[in-house]
Each structure stands twice: as structure tokens, then as C-alpha cells.
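Step one of this worksheet: look at the structure below.
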Protein chains: 2
Amino acid sequence: MAAATPRRQPTLDEVAERAGVSRSAASRVLNNAPYVSRPTREAVEKAIKELGYRPNRTARALATRQTGIVALALSHDDPALFADPFFAQVIVGVSAVLEETDLHLLLCLASSGRGRSRLTNLLQARGVDGIMLMALHGDDPLTGIVDRAGLPVVHGGRPLHVEPQWYVDSDNLGGARLATEHLLALGRTRIVTITGQMATQVGEARHRGYREAMIMAGREPYGMAESDFTEAGGAAAMKLLLDRHPDLDAVFAASDKMAAGALRVLSDAGRSVPADVAVVGFDDLDVAAQTDPPLTTVHQSIQALGREMARMLLALIAGESPTSLILPTGLIRRGSA
Amino acid sequence: MAAATPRRQPTLDEVAERAGVSRSAASRVLNNAPYVSRPTREAVEKAIKELGYRPNRTARALATRQTGIVALALSHDDPALFADPFFAQVIVGVSAVLEETDLHLLLCLASSGRGRSRLTNLLQARGVDGIMLMALHGDDPLTGIVDRAGLPVVHGGRPLHVEPQWYVDSDNLGGARLATEHLLALGRTRIVTITGQMATQVGEARHRGYREAMIMAGREPYGMAESDFTEAGGAAAMKLLLDRHPDLDAVFAASDKMAAGALRVLSDAGRSVPADVAVVGFDDLDVAAQTDPPLTTVHQSIQALGREMARMLLALIAGESPTSLILPTGLIRRGSA
DNA sequence: ATGGGGACTGGAAGCGCTTCCAGAAATGTC
DNA sequence: GACATTTCTGGAAGCGCTTCCAGTCCCCAT
């Protein structure tokens, strides 16, 4: 680089020499291993301070076979959709836990083929000590790649048809049930649902929660439209449902964004919320508090998801056998239901 | 870990042995260095394939003194505010460039003291080959830490009172001028501004752009209120300004979120936009297209910022001397002005 | 005095790769 | 056919750390 480094960083050998001890001794004080005498320790510490010595991470990694780095791999159809605050929340959660350790976070946006092969490479080259994976699609090839790596792997959410050994997931099923039960408790009977993509585990689980709640209450599922978790998608689905079931009196939308779209359509159609139609969303994003009326929704903590993923990975790396987690969701009552 | 790795990954020595050549020869084909005969190359390639060999990243890093990792360090007062899509955009831009190389991205959320010392450590321990820094506050201690590391450093945005050697920045000054000039061209004369924090370079630059445009047009700056880039802050500032300058006929808000807040207050106050009051924002976030009326604003591409930062860092690592960049901003005309 | 056991120590062998170098082999030149 | 080049090769020395191991030293019970 153009901004020259004045001189090499000092090495452990130099520290040892200056302290008048062997390199092994110096290494021992560095890792504060047992069997180091007071004078040795002090001499080494003095030398370290005087030289401004910092152990070289790479060298240590080679010797210990531990890189001190864990990866978070994110997959999404559209790389630009990484901008979804969802991912940011995961990262915040993960970082919060890692901050307490001396592990660092490597971020892999692995949507493209190129990204996937980079990830494969990273794993096989033992570039990280473990990996957290958020693959949102059912049949994401990442899942296989990562499981084959022979490294500790924690999944965020579950792929559609397989149960990974270690995962952290939100209780989507339970949350959707909660939402639907709330609507039923309100006396609504003609409850429809707007689902996310049924090809994702999240979409499927939230839909199943709705169905189960309806059936448990002795009712047939009243109507559903598959959408894509977006506001525009939610609006389109709502139009469709109004058309097919003009007498609907409640809707459970599997995401807040879709709920927001639905709210807009309902208002345009002259239905008042919650009087004519009660609406419940899912996610409890910021948007939920800002709709008109404010959205009753199912809360899940994405930061907590990130945190638990990181904790689980740490445990795995430490050789423990943690158990997979399903994080609780809860109903937040606001104005729309 | 509990999921046992079946067996060690093969090493280059084993590849060499199997191919019947020396380790140096094998290394040469790996890095396709010159002076490798056809038969040697083929024998090694065959052995690699048969063994499923992958060069160990750490070992290579130690030998070459290049980790193949670059860091992106983000600093913010409130770590939770990392959820701002701004950062996600930067990451998307950076990743897009890195994807074409074989460098990986290490993400450091370094708001806390702990985060900062971790970063310091990482740099001094030569854990990365270079670093990109987004320090939003003027006197962020990160700036000093990073500059002292003796590693290639690229700044995103400029700290308040210093000009880093290598940076990429949006043309905040020019954009603010553009916005104000647009308002002037519309015949508005009583133009006020809502600024972001003046302790940040962005806040200061956008305010200066407003002032300069006013003065160039032969007018005194008509009124300003310092805010904090948020919607709530923008609303509060707008109230203040309406109070102090009831006859204002235009407002330049230094962020779209503040503009959205201002719009809300104006509408509550019975002022129609743009008839009574013209409004221009800054950033061109998604929210700008969704306000009522849609917001005329200054566009800047955060992804491009990320991309250019990454490119600049690559150049620096390659030993070149790139030149700092100021990315253009442009006016997007929508309904509010 | 004697031996047994802990507390320390430094030498040496790695970790898995790159790279320098001296020399062998192949090629070219007249 | 003699010589200078050029291509190719493997040995060996790193990169900067950890860790095993065989000792040395010292203290205390016998």
C-alpha cells in the first residue's frame, strides 16, 4: 500500500529475547498457561509493553487450527432485498453475542452462484470455525453445501422439508394460531388469511397455524390467498379475497407488510377496520405501529433469533451439544383487531 | 464439535506425494506459477481431484502475509440504529465488488468501547488486509484507531474537521445546493431548512449547501432548525419553524425522514404542499415515493458508495494510489416541489 | 543424606503453505 | 559438438505461533 508501514510488527521471538526467556515461556504467559514463574511473567509482560507486541492472529490460527472467525451466510432470491431490516436485526443480535467473545463475524451474501461457490470454498478451506445460515427458501442449495462442510452449523429458521440438527426458529405456527384464535375470540367467523410464499417454511407454518386454529374451533378455513410477504402483494391478495368473499369479517395476514397493503385496500373499499373487518398481522415491524389503525400483530424478536443462533454456534464450537430452539411469539394488541 | 469431521482435510504434502512430485511443484500448479511442465501440472491436478484437496486458507495467509479478508467497520451512537437501511445498502455495494474477488468481508459493529477495542486488536493482530470505515460522528475515536493501524483504510464519508487521505463521499454540499436552487427557481423566497445534527459532516455539508445557494441567489438564509435526521425530529423542527416563520413558503429538509415528518406537520397545520409550501428532501429513500404528496428529493446512491469504497480498498491493497471520490447527487422531481 | 514429587524451563517439532535458490534437464545457437 | 540460455525441479528455509517433552531445579518428608 502507499501508506508505508514504518516497520514490521514485533514477533514473539523478539519479545522472548528481550525478556531473556524462551519463546515457549513467552507463549505461556501470553495464553496465561500454568507453570510460569512470577519473574518470567513480569519480564515478558514488560517486553510486550515496551515492544508494543501483538500476537499475530494468522499464526495463532495456524497453530491452534482455530480461526477465531464465524460466518453468517444469508441467502435471498434477490440480493438487493438484503436491505430488508430483517437481516440487519439478525446481524445486530449475532454481533451482540460475539462482542462478548473474541470471535469476529464474516458476512456472506450468498444468493448468486458465485456467492455460493465462494462460501463453499471458504468452508472447505477452513476459513471459519463455524457458520450460521439463514436460507429463506425451501430448497436453497446452501443448506446442502453447508451441512457437508464438516463444521459446526446453526440454521436460522428451518428449511421446508428437513429438520436440521441445530436450528433456532420463531414459533411461526404458534403465533399464527394465536392470531387466529384472537380473531375467533372476537366473535369473527368469516376469517380469511393472506399467506406468504407457501414454498417457504415460514409461509407454510403461518398458514398451518391459521388452519389449525380454525379447525380446532370447529370451523372450516374460510378463504386464503397466497402472496409474497410484500405490501403490494398483500394489497393484491386483499382485493382478490374481497372479491371472492365479500362478506369476510376478519383477515390474518402472515406479515405486517401484507397487512399494511390489506389495510389500504380495505379502506379504499369502504370497509372500516376493525368494525367491519378485523385485521391481524405478523412480525411486529415498525410499520405495524404506524398503520391506520395501528396493527394488532404477532411479535417475534429477530434480534433474539440472531443472539440464540450465535450462542448455539459458540456452544457447538466449544464441543457442547446444545439443543435446537423455538422462540416464542406473542400477540400485540393494537387497534386493528 | 459434536458432528465429527470424518477425517482431516488432505494437505499439499499428500497431494505432492500422490502426484509423485515435490511440494514446491504442487504449490506452483496451485498458484499457477510459471515453470511447470505439462506432465507435472496434470499429475498434480489429478491428485487434487482425487483427494478432494482444498488449500488451507490460514496456512496460505501465514505464508503470504495476506489474510484475504477486509473489514467493514460501522459506528453509530446507538448500536440498534444499525438497522437503518443505510448500512444495509453500503454492505450490498461492498459485497457486490468483493464477490468478484476472493476477498471476504468481516463486519465490525464498533459502537461500544468493547467493539472498538476488538477492532483495534483485529487490526494490530493483522487479522485483515484492509478496512473500510463508516464513522458517522465527527469526533469518532474509530477514525484515529484505524488511521494508526498501518493498514489500507478507506473512509465512507468524511469526518467533520479532517480530510482523510482516502475516502468516498456523496456530494452532500452539491445536492443541498441543487435542492435549494430548485426551490428558488420555483420562485420561492422564504425558504427554511431543517438540518441534521450539525456535529456531523453530513449535517454540516447539507446545511452549508442551503446557505450557499441562498447567498448566491442574493438572499439571506431565511430560517433553520437543527434536528436529527429522524421523522419525529423533522416534525418537531417543522413546528418550530412554522411558529417562528409563519409565512415560510418552502422547506429544504436534509433527509427524507425529516421531510416526511415535516409534511405531516404541514398538513396538520392546513398548509397545502406544494401550493402553499414546497418541500424538498434528501436521500431518496423508499419513503420518499410514498409520502403524500410524493417527495421531491435529492438522490444519492448508497450502494454506489459501498461499491466505490470496496474498489478503492482493493486498489490500495494492490499497491496502487487511487484518488478519493465524491459521488454526484441529483434532484428527483416528484410532487412536493 | 536421600529420594520423590511438584514447579518451571527451553528445545524442538509441528501447523500447512509459499518462495528462494542451486542445480538438473531441455532447448537453442553457431 | 560445444556452449549459452531457458525451463523445470526439489530441498530447505521461512511465515509466527502453540505444545509436547525431556529435563532442571527446589522443597519437603523420610
Side-chain angles (χ1 to χ4, degrees), chain A residues 5 7-45 47-48 51-69 102 121-122 124-129, chain B residues 5 7-45 47-48 51-69 102 121-122 124-129:
Chain A
T5 32
R7 58 183 193 292
R8 264 180 47 270
Q9 298 260 338
T11 72
L12 190 53
D13 272 307
E14 300 173 44
V15 169
E17 186 180 6
R18 179 170 194 120
V21 301
S22 74
R23 178 163 26 129
S24 348
S27 172
R28 261 175 245 126
V29 353
L30 222 54
N31 301 292
N32 46 60
Y35 302 137
V36 178
S37 66
R38 254 308 266 292
T40 298
R41 153 155 292 119
E42 280 165 3
V44 171
E45 277 165 356
I48 288 179
L51 259 39
Y53 169 79
R54 292 275 131 175
N56 180 302
R57 225 182 148 78
T58 307
R60 178 172 286 182
L62 183 59
T64 60
R65 296 141 170 276
Q66 290 265 296
T67 61
I69 301 179
D102 42 66
N121 215 41
L122 181 72
Q124 297 189 338
R126 290 294 179 267
V128 296
D129 294 340
Chain B
T5 33
R7 58 183 192 292
R8 262 179 50 270
Q9 298 261 338
T11 72
L12 190 54
D13 271 309
E14 300 173 42
V15 169
E17 187 180 4
R18 179 169 195 119
V21 301
S22 74
R23 178 164 25 129
S24 346
S27 173
R28 262 176 244 126
V29 354
L30 223 55
N31 302 291
N32 45 61
Y35 303 136
V36 178
S37 66
R38 240 333 253 289
T40 298
R41 154 155 291 120
E42 281 165 2
V44 172
E45 277 166 356
I48 288 179
L51 259 41
Y53 169 79
R54 293 276 131 175
N56 179 302
R57 223 181 150 77
T58 307
R60 178 173 283 183
L62 183 59
T64 61
R65 296 141 171 276
Q66 290 265 295
T67 61
I69 301 178
D102 42 66
N121 215 41
L122 181 71
Q124 298 190 338
R126 290 295 180 263
V128 295
D129 294 340

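Just so it is clear, the structure is predicted and the values come from calculations on it, not from any experiment. Note on naming: letters A, B, ... go to the chains in the order of the sequence lines (proteins, then strands), and numbering restarts at 1 for each one.
Counting to the nearest Å, the C1' atom of dC15(D) and the CG atom of Asp129(B) are 15 Å from each other. Atom-to-atom, CG of Leu51(A) to P of dC17(D) comes out at 11 Å; the value is rounded to the nearest Å. Rounded to whole Å, atom C1' of dT9(D) lies 19 Å from atom CZ of Arg38(B). With rounding to whole Å, Arg126(A) atom CZ is found 16 Å from dC17(C) atom C1'. Here dG14(C) presents its C1' atom at 13 Å from CG of Leu62(B), a figure rounded to the nearest Å. Between Leu12(A) atom CG and dG14(C) atom P the separation is 20 Å, expressed in whole Å. When rounded to the nearest whole Å, the span between CZ of Arg57(A) and C1' of dT18(D) equals 16 Å. Going from atom CZ of Arg60(B) over to atom P of dG16(D) covers 18 Å, rounded to whole Å.
Expressed to the nearest 0.5 Å, how far CG of Asn56(B) lies from CG of Leu62(B) amounts to 10.0 Å. One finds the CZ atom of Arg60(B) at 5.0 Å from the CG atom of Asn31(B) (value rounded to the nearest 0.5 Å). For the atom pair CG (Leu51(A)) and CD (Gln9(A)), the distance works out to 10.5 Å, reported to the nearest 0.5 Å.
For Pro34(B) and Arg65(B), each mapped to the nucleotide of DNA chain D holding its nearest heavy atom, the one lying further toward the 5' end belongs to Pro34(B). Mapping Thr40(A) and Ala26(B) onto DNA chain C by nearest heavy atom places Thr40(A) at the nucleotide closer to the 5' end.
Between Thr67(B) and Ala61(B), the closest heavy-atom pair is CA-CB, 4.0 Å. Across Ala33(B) and Arg41(B), no two heavy atoms sit closer than the pair O-NH2, 4.4 Å. Nearest heavy atom pair, residue Ala26(A) against residue Ala16(A), reads CB-CB, 4.1 Å. In plain terms, the two heavy atoms of Tyr53(A) and Leu12(A) that are nearest each other are CE1-N, 3.5 Å. Closest approach of Asn121(B) and Arg54(A) over heavy atoms only: OD1-NH1, 2.8 Å. Nearest approach of Glu45(A) to Val29(A), heavy atoms of both residues: CG-CG2, 4.5 Å.
Distances shorter than 4.0 Å separate some side-chain N or O of Asn31(A) from OP1 or OP2 on dT18(D).
Checking dC8(D), dT18(D), dC8(C) against the side-chain heavy atoms of Tyr35(A) singles out dC8(C) as nearest. The side chain of Thr64(B) lies closest to dT18(C) when the candidates are dC17(D), dT18(D), dT18(C). In this structure, the nucleotide among dT18(C), dG11(D), dG14(C) sitting nearest to the side chain of Ser24(B) is dG11(D).
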#### Entry: side-chain contact (heavy atoms from CB on, under 4.5 Å) evaluation trace for Val44(A) with Leu30(A)
CA-CA 9 Å; Val44(A) 171; Leu30(A) 222 54; 5.7 Å; no
#### Entry: Verdict with supporting geometry, Glu14(B) and Thr11(B), side-chain contact (heavy atoms from CB on, under 4.5 Å)
CA-CA 5 Å; Glu14(B) 300 173 42; Thr11(B) 72; 3.6 Å; yes
### Message
Working note: Leu122(A) + Arg57(B), criterion side-chain contact (heavy atoms from CB on, under 4.5 Å); need CA distance, chi angles, decisive distance, verdict.
### Response
CA-CA 8 Å; Leu122(A) 181 72; Arg57(B) 223 181 150 77; 3.9 Å; yes
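Within the nucleic acid shown, Thr58(B) has no heavy atom closer than 4.0 Å to any nucleic acid atom. Among the atoms of the strands shown, base atoms are found under 4.0 Å from some heavy atom of Ser27(A).
Axis angle between the ends of the helix from dA1(C)-dT30(D) to dC30(C)-dG1(D), five pairs each and rounded to 10 degrees, works out to 40°.
Listed in residue order, the members of residues 15-23 of chain A having a heavy atom less than 4.0 Å from DNA chain C are Val21(A), Ser22(A).
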### Query
Base, backbone or nothing for each nucleotide of nucleotides 21-27 of chain D, written B, S, -, heavy atoms under 4.0 angstrom, 5' to 3'?
-------
